[in-house]
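Contents: one structure, followed by commentary.
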Amino acid sequence: MHFSRDSTGAYVAYAGIPVESHGTLSLPIAVEHPGGAVDSVIVSIPVSSARFGTEQLSVDPRFTEKPDSALAVRIAHEAAAIRVAWEETHHTPQLWHGAFQRPRSSKITSVFGTGREFNGVVQSRHLGLDFDGSIGSTIRASNTGVVTLVGDYYYSGNIVVINHGAGIATAYLHMSKILVALGDTVTRGQLIGLVGATGRVTGPHLHWIAKYGAVSVNPMSLLTVTADPQKAPASRPATRPRGRTRG
Ligand SMILES: [Zn+2]
């Protein structure tokens, strides 16, 4: 977890909880005081079960058949690259500031968490959010960050991942055109690409992903995150002389 200080001086951290979680989440937290003494505390957070619907989709059968070995290698390679992009967020200082914004203002056509049947077979859960759009409609960065992955992937089509730091990433899939390059710093609201129908899709739309490390979170929940790093240094708060610690 990545702690920062809010405008009242309290330490704040955000975390993502996997979609199948329920019951109680136990978080061990160690507070290191100046001088080296360490307090530890286990914080218990109740997690309520979420209910999700299911939906049926029809796609080209080549996307649901068992891939041949060459394609399986490609898919595994792309999945590994994406996993690395998620993990990098935990090794990047907080780059985002202010509120996250929607990448498009259009209608949401599929919500987060829905169970998906492709051609009659349940294959996955929809771990993103779909925005309506026609080919060429604009896609904007949700917040400041660094472009950490750009590719043309089998399932994702043209994909851009933005590393916002402090554990948070957003990804933008199925683009017709990518307008940023690997390593670019982008700011909130910057045009990063155009809506398309590349990869495994039923038609043009934007599939928007939000991650906390490897954990997929509801992108709508990201829109409620408000900590401001201008007032909230992300680095080792317990070692700061004016740090207020609890626990
Ligand atoms: Zn989607």
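Side-chain atoms are counted along with the backbone in the values below, which use heavy atoms only and exclude waters and symmetry mates. Note that the structure is predicted; figures quoted are calculated from it, not measured.
- Looking at Arg140, its side chain never comes within 3.5 Å of a backbone N or O of Pro103 through a donor-acceptor pair.
- Rounding to the nearest 0.5 Å gives a distance of 9.5 Å between CD of Glu78 and OH of Tyr155.
- Residues Ile162 and Ala141 approach most closely at CD1-CB, 3.7 Å, considering heavy atoms.
- Looking at Ile209 and Leu127, their side chains never come closer than 4.5 Å, going by heavy atoms from C-beta outward.
- Judged by the 6.0 Å and 45° rule, Arg5 forms a cation-pi pair with Tyr11.
- Tyr172 places a side-chain heavy atom less than 4.5 Å from the side chain of Ile192.
- Checking side-chain atoms of Asp6 against main-chain N and O of Thr8 turns up a donor-acceptor pair under 3.5 Å.
- Remark: Arg83 does not engage Glu87 in a salt bridge, criterion side-chain N to carboxylate O under 4.0 Å.
- Looking at every heavy atom in both residues, Leu194 comes nearest to Thr138 through CD2-CA, 4.2 Å.
- Although no hydrogens or angles enter the test, the distance criterion places a donor-acceptor pair under 3.5 Å between the side chain of Thr92 and the main chain of Glu88.
- Here the straight-line distance linking atom CD1 of Ile159 with atom CD1 of Ile82 works out to 4.0 Å at 0.5 Å rounding.
- Side-chain atoms of Gln101 and Ser142 form no donor-acceptor pair, as typed in the model, at a separation below 3.5 Å.
- The closest side-chain donor-acceptor pair between His205 and Asp132, if any, does not fall under 3.5 angstrom.
- Annotation: side chain of His33 is in contact with side chain of Asp39 (closest heavy-atom distance under 4.5 Å).
- When atom types are taken as modelled, the side chain of Thr198 and the backbone of Met175 share a donor-acceptor pair closer than 3.5 angstrom.
- The closest side-chain heavy-atom distance from Met1 to Leu27 is below 4.5 Å.
- The main-chain N or O of Ser106 is never found under 3.5 Å from a side-chain atom of Arg104 such that the two would form a donor-acceptor pair.
- Side-chain contact check for His164 and Asn143: no donor-acceptor pair (N or O, by modelled atom type) lies under 3.5 Å.
- For the pair Trp86 and Val84, the minimum side-chain heavy-atom distance is 4.5 Å or more.
- Residue Ile45 holds its CD1 atom at 6.5 Å from CD1 of Ile17, rounded to the nearest 0.5 Å.
- The cluster map of Ile, Leu, Val, Met, Phe, Trp and Tyr, joined by side-chain heavy atoms under 4.5 Å apart, puts Val186 and Val161 in different clusters.
- Side-chain N/O atoms of Asp130 and Thr109 include no donor and acceptor closer than 3.5 Å.
- Residues Ile168 and His2 are not in side-chain contact: their nearest non-hydrogen atoms beyond the backbone lie 4.5 Å or more apart.
- To the nearest 0.5 Å, the span separating CG on Asn163 from OG1 on Thr144 amounts to 12.0 Å.
- Cluster annotation: Phe112 and Leu222 are assigned to distinct hydrophobic clusters (Ile/Leu/Val/Met/Phe/Trp/Tyr, side-chain heavy-atom contacts under 4.5 Å, transitive).
- Side-chain N or O atoms of His174 include none that pairs as donor or acceptor with a backbone N or O of Leu206 at under 3.5 Å.
- Interatomic distance, CD1 of Ile139 versus CD1 of Ile178, reported as 9.0 Å (0.5 Å rounding).
- Under the 4.5 Å side-chain heavy-atom criterion for Ile, Leu, Val, Met, Phe, Trp and Tyr, Leu223 and Trp96 are members of the same hydrophobic cluster.
- The shortest non-hydrogen separation linking Ala85 to Leu149 is CB-CD1, 4.2 Å.
- At distances below 3.5 Å, not a single donor-acceptor pair connects side-chain atoms of Ser137 with backbone N or O atoms of Val195.
- When the side chains of ILVMFWY residues are joined at heavy-atom separations under 4.5 Å, either directly or via intervening members, Tyr212 and Val43 end up in a single hydrophobic cluster.
- For the pair Val146/Asp184, no side-chain contact is recorded, criterion being any heavy-atom separation below 4.5 Å from C-beta on.
- In this structure, Val19 is not a member of the same hydrophobic cluster as Trp208, with clusters built from ILVMFWY side-chain heavy atoms closer than 4.5 Å.
- Side-chain polar atoms of His126 and Ser110 form a donor-acceptor pair below 3.5 angstrom.
- Residues Ser26 and Ser44 approach most closely at OG-OG, 4.0 Å, considering heavy atoms.
- Summarising the geometry, atom CG belonging to Asn158 is positioned 11.0 Å from atom OH belonging to Tyr153; distances are rounded to the nearest 0.5 Å.
- Counting heavy atoms of neighbouring residues, nucleotides and ligands inside a 6.0 Å radius, atom CD1 of Ile42 does not exceed 12 of them.
- Counting only N and O atoms by type, the side chains of Lys211 and Thr170 include no donor and acceptor under 3.5 Å apart.
- Panel note: side chain Ser21, backbone Pro18; a donor-acceptor pair is recorded below 3.5 Å.
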